[in-house]
Amino acid sequence: MIKYILAAVIAAQIAIPGAMMQRYEATLQDGSLYKFKVVPIDPADPFKGRYVRLNFEISNWEMKYQSDDTLKRKDKVYATLNIGDDGFARIDKLHKSAPKDREYLKVRVQYVYGYNEENTPINYSIALPFNRYYAQENKAPEIERKVRRLNGIDGESSTATVDVRVLNGLGVIEQLYIDGKAIEEYFD
Amino acid sequence: MSSKNIRWLYVQLNELVEKGVIDDATSKQLSEHYDMDSVVADKSISIMTVILSAIGGLLVGGGVILIFAHNWENIGRPMRAVLAFLPLLLSQILCSMALLPKPRSQAWKETAAVLMFCTVPACIALIGQTYHVSDDTEAFLMWWFVLLLPIVYLLRPHLTAVLMVVLATVLGCFYQSPYWLCLVALIPYYLLGRQQGESMRHSQFSWALCLSLAIILPVSLLYQGSEPPIILMLISGALALYLYGGNFEPKQGFGKRPFTNIGAITAAVCGLILSFKDAWSELLRTEYSDFPYFGVNWHSAALAWILFAAFLILVFITIKRSNYRLLPLSSLVGLIAIAFVLPYSSESALAFAIAVNLLMVGVGIWYAMLGLKQHSTSLLNFGLLLVMAILIMRFFDQDLSFIGRGIVFIVMGSIFIGINIWHGRRRLV
């Protein structure tokens, strides 16, 4: 009996992380490509190491999105994406159920802004589900310093962008770029 | 048969075979029947070896996590996948070898389990790192707990079991309900340990579990709000711990009674908070519309009602076993229940605060007396501490007038002196 339970546990311990990996891998392989403008900052995670935290311009607190459905704070919703004139991704609208014919991201409602006369909320802000770029230990702080300096003292502003692959609501970051160069090359 | 008896029999068997009382085959059959090999193997390894190997396993596992966290950018995704699963596979092989074909020593099990405790999160973390997964800490901790839980029952590793309690506490603290279910999942492990009799390992696990319950229950309940029903359920929970301990834990020894001690302290702290008038005005002012209380979601409501039900059942058991000395502290629940159902109770915050003060002082004195009678220093000190805490709180209570406080203090002091004189005379007679 113990043999079978142990075998089941071992199988689950491999299958569950394996399934997670498969989902991310499939998104990177087959997902559609979107570019987002970001503002990087560097913190650390005790288990996964140093990362560059990305603040997305489009998920900034000022950005308010609309929805045909009435949503609450912390609701899981679907955000449809489109691409603006500058080539960067924008969020179009929030939906309560997954849209069938369009690319979308699964996101969470962070705040509700404003109510209409019938007391239904009008605008919402959201948090994007990918806001970390894990970098090698010594590079993550360097990335952050560089970007800050470029934005500050020198007066030049550098643009940070990320390529994100999107498939079935899941978004996986493919690469972080600074001024159009992949981050790893930028510091070499 | 206890492991001590089995070891005795092991020695005896060798002698009996030497003297020709029984033959080798019988000796072997008996040895297999009582699973002597694993019991003797257990004993031959000292407790120090067990501790050192467990800590060794933890350090190695931690090292693996840290090395992964460096994040080698030159390693491609396929190689990262291999790296993520390799340590996990190794620890799985070690765990399997600890159980099959025959259970090995405790030191082996501890090391294998604690390594797995590190390699499972290392695997998930490396996948997260590779794919830049964000803000998934909740799912990460949850999977860590779920994937390790069966190992706690299969290998019965002590250190890993305590670490699992810590993990469940972290989950419960940061992500609240329904993560109290993680602790529920560890309760059978506690009961198994209890069944096998008193041991240092069992009491360590019990303290960890009990402390964790004392942290998780308030966090899981109070994040929903602080309406009277929630406070009622919260104190019921604290008292349930206390009553369980009082009924089912050994009567002697502070270290052997985590539930009694932590339950009493938690309930006393609740009582002390409710001895403030402000606490009551706040509590009675809060609007609550849904009674019976259904909570913000099913699992929060379930927790609240389970605690209340457990409290009622334990009161029933206490009365049935005539353990009446456990009951006075429980009257706090009655007091809140009265405030809760009484119409217009919202205007009588002061009355309830006074009632709690009297109750706590009464309970304190009663415990102190019981301590004196039973020559129990811990009971005496608990009682005196309760009284002292109430007195100090009232002395600094800005809500009461100086004259009012002064009069109450003089009256209380006189009663104390009176009781002392009376007690002294009685002893002389």
Side-chain angles (χ1 to χ4, degrees), chain A residues 1-3 5-29 44-54 56 108 127-140 162 164-165 170-176 182-184 187-188, chain B residues 62 64-75 77-78 80-81 84-85 88-89 91-93 95-103 116 118-137 139-144 146-155:
Chain A
M1 188 63 192
I2 284 182
K3 220 189 315 186
I5 299 174
L6 188 69
V9 173
I10 287 177
Q13 283 179 344
I14 294 172
I16 288 165
M20 291 176 187
M21 204 174 79
Q22 197 275 330
R23 263 183 85 216
Y24 301 131
E25 193 59 50
T27 308
L28 280 187
Q29 299 292 339
D45 178 299
F47 288 97
K48 297 177 207 159
R50 282 195 176 277
Y51 58 92
V52 182
R53 201 175 82 211
L54 309 169
F56 284 80
R108 237 174 232 280
L128 282 178
F130 36 83
N131 55 15
R132 290 179 175 193
Y133 188 85
Y134 287 93
Q136 194 167 300
E137 192 173 15
N138 39 6
K139 283 206 176 154
V162 281
V164 176
R165 294 267 175 190
L170 183 73
V172 177
I173 294 180
E174 194 175 56
Q175 185 58 263
L176 172 65
I183 194 76
E184 286 78 13
F187 287 98
D188 281 341
Chain B
V64 170
I65 292 177
L66 288 175
I67 290 174
F68 278 179
H70 172 78
N71 198 347
W72 311 91
E73 62 182 25
N74 303 330
I75 303 176
R77 289 212 301 275
R80 276 166 172 272
F85 285 98
L88 178 64
L89 284 173
S91 71
Q92 286 175 337
I93 292 170
C95 279
S96 311
M97 282 166 72
L99 278 178
L100 305 167
K102 253 186 198 174
M116 189 176 266
C118 296
T119 54
V120 166
C123 172
I124 305 177
L126 192 58
I127 292 170
Q129 191 194 61
T130 307
Y131 296 96
H132 308 289
V133 180
S134 321
D135 291 343
D136 63 333
T137 318
F140 171 71
L141 293 173
M142 195 263 295
W143 282 117
W144 184 357
V146 170
L147 292 176
L148 250 304
L149 185 67
I151 293 299
V152 172
Y153 287 95
L154 282 173
L155 294 180

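Nothing here was measured: the structure is a model prediction, and the numbers come from that model. A note on names: the letters A, B, ... follow the listed sequences, proteins ahead of strands, and every chain is numbered from 1.
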Side chain proximity check, Ile14(A) to Gln92(B), heavy atoms < 4.5 angstrom: yes
Min side-chain heavy-atom separation His132(B)-Leu176(A) under 4.5 Å: no
Atom group of Leu89(B) that falls short of 4.5 Å from chain A, counting heavy atoms: side chain
Test item: Leu155(B) and Met116(B) side chains (from C-beta on) under 4.5 Å apart, heavy atoms: no
Chain A contact via Ala84(B) - side chain, backbone, both or neither, heavy atoms under 4.5 Å: neither
Residue part contacting chain A, namely of Tyr131(B), when any heavy atom lies under 4.5 Å: both
Minimum side-chain heavy-atom gap Ile127(B)-Phe85(B) below 4.5 Å: yes
Leading residue by heavy atom contact count with chain B [cutoff under 4.5 Å; candidates Gly171(A), Ala12(A), Pro17(A)]: Pro17(A)
Interatomic distance, Gln29(A) atom CD to Gln22(A) atom CD [nearest 0.5 angstrom]: 10.0 Å
For chain B, the option from Ile10(A), Thr27(A), Leu170(A), Ile173(A) that forms the most heavy-atom pairs under 4.5 Å: Ile10(A)
Engaged part of Leu6(A) at the chain B interface, taking heavy atoms whose separation is under 4.5 Å: both
